[in-house]
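The basis for the numbers below is simple: all heavy atoms, side chains too, and nothing from hydrogens, waters or symmetry mates.
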Amino acid sequence: MPSTLAILGGLPLRTRPFPTWPVFDAREREQLDDVLSSSNWGGFPSPNRKAAEFAAAFAAYHGARFAIPTTSGTSALEVALKALGIGAGDEVIVPAMTFAATPYAAVACTARPVFADVSAANACIDPDSVKRLITRRTKAIVPVHYGASLADLDALAEISRAHSIPLVEDCAHVPGARFRERGVGTHGALGCFSFQSTKPMTAGEGGMITTDDPDLEQRCQSLINCGRRRPDDTFEGPLMGANYRMTEWQCGILLAQLARLPEQIERKSRAAARLREGLGTIKGISPIARDPRVTREVIYAFVFLVDESTLGLSRNRFVRAMRAEGIPCGVGNDPVYRSALFPRESAAYRKACELAGAPNLERTTIDCPVAERLFEHAMAAIPHECLLGDDHDVDDVVAAAAKVASRAAELAAAKLDKSS
């Protein structure tokens, strides 16, 4: 019989720490020393020396023609939508399961974000839901590649072509991933990436836009550089931009991060395969499968599903018990329209909806039952740095899940205090 659960007073299965994040070494220090001694630290002139080097390397790694560094993934999304000319009265379809930055970018353009449901198979945007939401006002679709899964880019590309609506890929979770041997960020009009502290490549903050379209590249470069035009720019009309330039410090760090990314991708993908196999043997636990069309898998969060009825235990108690056993375990993003970071009662959101002909927000129905169920009852996630260790680290996650599952009935009946 397994030992008593840690949440019920037993000893935790694991007491040693998992690998920490971020990972760095002498390569980052050398880059920072180079920037320091150059006395040229900022983003101007744009692109600056390190920015140009990093953009070229990042574009080449993803198979994109152009890459434009920005201050954050949030600003990358905002600039991408503005480069497409999206503005007041327009609608942008985004998934219910994402961080607040995705719909915020639409609101920053005074456009209305429209929330599509997600697929139960991988928590990415559901193409059928997208089809139902398209109106004459729809000017972009923003699929989010979530956790370790890529959105169905085949189906979304077909929708994009049929309706002449551009795709803007939100690739914040998966730099370096490939779908049918093509890099993410190259399957639509533009791709957007984040280098925030927890992401698989990080400089603390930062973002990137990728595109193959020379006109969009010119517009993005102008929008991040306070609206300046380069001598050879040919896009029409002036643009009102802002300072969204990445510093040379960040670009130097990210050059080093990009150099080690391929090895980290391979290591985490091998660990994920082992973790899927192990968790798949536990009744009531279902790892999200790797789509065979994903030809290079990138892990930001290893997502698996808890079947409450089969396990006889709520997902929330399962996650709390895993944490008590020493396993970092979360529940993923709540549906973004419920997030405190995306207040639907804000003046900005209400104005964007009003301009798009939807002023009565209390009557505006958001119908995303799959996203609601996944967040409330099913989804659990392990952060990517846990997969950077060895097989013993992976096996501890599986052993902890098996331990909790084996004592599910006891845990379900127990009275837990709020601190446990």
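Separation of the H145 and F179 ring centroids does not fall under the 6.0 Å cut-off.
Put simply, the side chain of T211 gets close to the backbone of A189: a donor and an acceptor are under 3.5 Å apart. The main-chain N or O of L13 is found under 3.5 Å from a side-chain atom of E325 such that the two form a donor-acceptor pair. At distances below 3.5 Å, not a single donor-acceptor pair connects side-chain atoms of T365 with backbone N or O atoms of D367. Listed for the T71 side chain is no donor-acceptor partner under 3.5 Å among the backbone atoms of M246. When atom types are taken as modelled, the side chain of D90 and the backbone of A111 share no donor-acceptor pair closer than 3.5 angstrom. Between the side chain of W41 and the backbone N or O of V35, at least one donor-acceptor pair lies under 3.5 Å. Between the side chain of R245 and the backbone N or O of N225 there is no donor-acceptor pair closer than 3.5 Å. Under the 3.5 Å distance criterion, the side-chain polar atoms of R14 are matched with a main-chain donor or acceptor of R16. Not one N or O on the side chain of S269 forms a donor-acceptor pair closer than 3.5 Å with the backbone of I265. For S129 (side chain) and D126 (main-chain N/O), no donor-acceptor pair under 3.5 Å exists by modelled atom type.
In this view, P383 and P328, E385, C386 satisfy the side chain to side chain contact (heavy atoms under 4.5 Å, CB included) rule, not counting sequence neighbours.
Relative ring orientation between W21 and H384 is described as perpendicular, the plane-to-plane angle rising above 60° on a 0-90° scale split at 30° and 60°. The aromatic rings of Y349 and F115 lie tilted to each other, with the angle between the two planes from 30° to 60°. Below 30°, between 30° and 60°, or above 60°: for H173 and Y300 the angle between ring planes is between 30° and 60°, a tilted geometry.
Looking at heavy atoms from C-beta onward, L388 lies out of side-chain contact with F18 at the 4.5 angstrom threshold. Side-chain contact check for R276 versus F302: some heavy-atom pair is nearer than 4.5 Å. Within the 4.5 Å cutoff, no side-chain heavy atoms of P335 are placed close to those of I366. Residues T210 and F58 form a side-chain contact, since some pair of their non-hydrogen atoms from C-beta on lies under 4.5 Å apart. The side-chain heavy atoms of P113 and V92, taken from C-beta on, include no pair separated by under 4.5 Å. At a threshold of 4.5 Å between non-hydrogen side-chain atoms, the residues E354 and K351 count as touching. By the 4.5 Å heavy-atom criterion applied to side chains, V336 and T102 are not counted as neighbours. Within the 4.5 Å cutoff, the side chain of V370 has heavy atoms near those of the L374 side chain.
We find the CG-NZ distance between L261 and K268 to be 7.0 Å, quoted to the nearest 0.5 Å. A distance of 11.5 Å separates CD1 of I68 from OG of S222, quoted to the nearest 0.5 Å. In this structure, the separation between OG on S339 and CZ on F375 is 9.0 Å, given to the nearest 0.5 Å. The distance from the OG1 atom of T98 to the CZ atom of F342 is 11.0 Å, given to the nearest 0.5 Å. Summarising the geometry, atom CG belonging to L32 is positioned 4.5 Å from atom CD1 belonging to I253; distances are rounded to the nearest 0.5 Å. Atom CD1 of I86 and atom CZ of R137 lie 14.0 Å apart (nearest 0.5 Å).
Atom CD of E263 has more than 12 heavy atoms from other residues, nucleotides or ligands within 6.0 Å. Shown here is R29, whose CZ atom has no more than 12 heavy atoms of other residues, nucleotides or ligands within 6.0 Å. Heavy atoms from other residues, nucleotides or ligands lying under 6.0 Å from CG of L36 number more than 12.
K82 and A108 get closest at one heavy-atom pair: CE-O, 3.7 Å. P95 and V144 get closest at one heavy-atom pair: CG-CG2, 3.5 Å. When all heavy atoms of E297 and A272 are compared, the pair lying nearest together is OE1-CB, 4.2 Å. When all heavy atoms of A405 and L311 are compared, the closest pair comes out as CB-CD1, 3.6 Å. Between A116 and L133, the closest heavy-atom pair is CA-CD1, 3.5 Å. Of all heavy-atom pairs between L255 and A57, the closest is CD2-CB, 4.4 Å.
With F235 as the aromatic partner, R229 meets the cation-pi criteria of under 6.0 angstrom to the ring centre and within 45 degrees of the ring axis.
By the 4.0 Å N-to-carboxylate-O rule, R132 lies too far from D128 to be salt-bridged with it. Note on R274 versus E277: no salt bridge recorded, every NZ/NE/NH1/NH2 to OD/OE distance being 4.0 Å or above. Using a cutoff of 4.0 Å between basic side-chain nitrogens and carboxylate oxygens, E217 and R230 are scored as salt-bridged. The residues E28 and R260 are annotated as salt-bridged, a charged nitrogen and a carboxylate oxygen being separated by less than 4.0 angstrom.
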How far apart are the C-alpha atoms of L341 and F99, what are their side-chain angles, what is the distance that settles it, and do they pass the side chain to side chain contact (heavy atoms under 4.5 Å, CB included) test? CA-CA 9 Å; L341 298 180; F99 183 63; 3.5 Å; yes

Verify side chain to side chain contact (heavy atoms under 4.5 Å, CB included) between C251 and N48, making sure each step is shown before the conclusion. CA-CA 9 Å; C251 291; N48 211 337; over 6 Å; no

With salt bridge (Lys or Arg N to Asp or Glu O under 4.0 Å) as the test, would you mind laying out the steps for R27 and E30 before giving the verdict? CA-CA 5 Å; R27 286 172 285 188; E30 290 171 3; over 6 Å; no

Check step by step if side chain to side chain contact (heavy atoms under 4.5 Å, CB included) holds for Y146 and V174. CA-CA 8 Å; Y146 192 84; V174 290; over 6 Å; no

Determine, stepwise, if the pair C192 / V168 fulfils side chain to side chain contact (heavy atoms under 4.5 Å, CB included). CA-CA 7 Å; C192 299; V168 178; 4.0 Å; yes

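Under the 3.5 Å distance criterion, with hydrogens and angles disregarded, no donor-acceptor pair is assigned to the side chains of D291 and N122. T135 and E91 share a side-chain donor-acceptor pair at under 3.5 Å.
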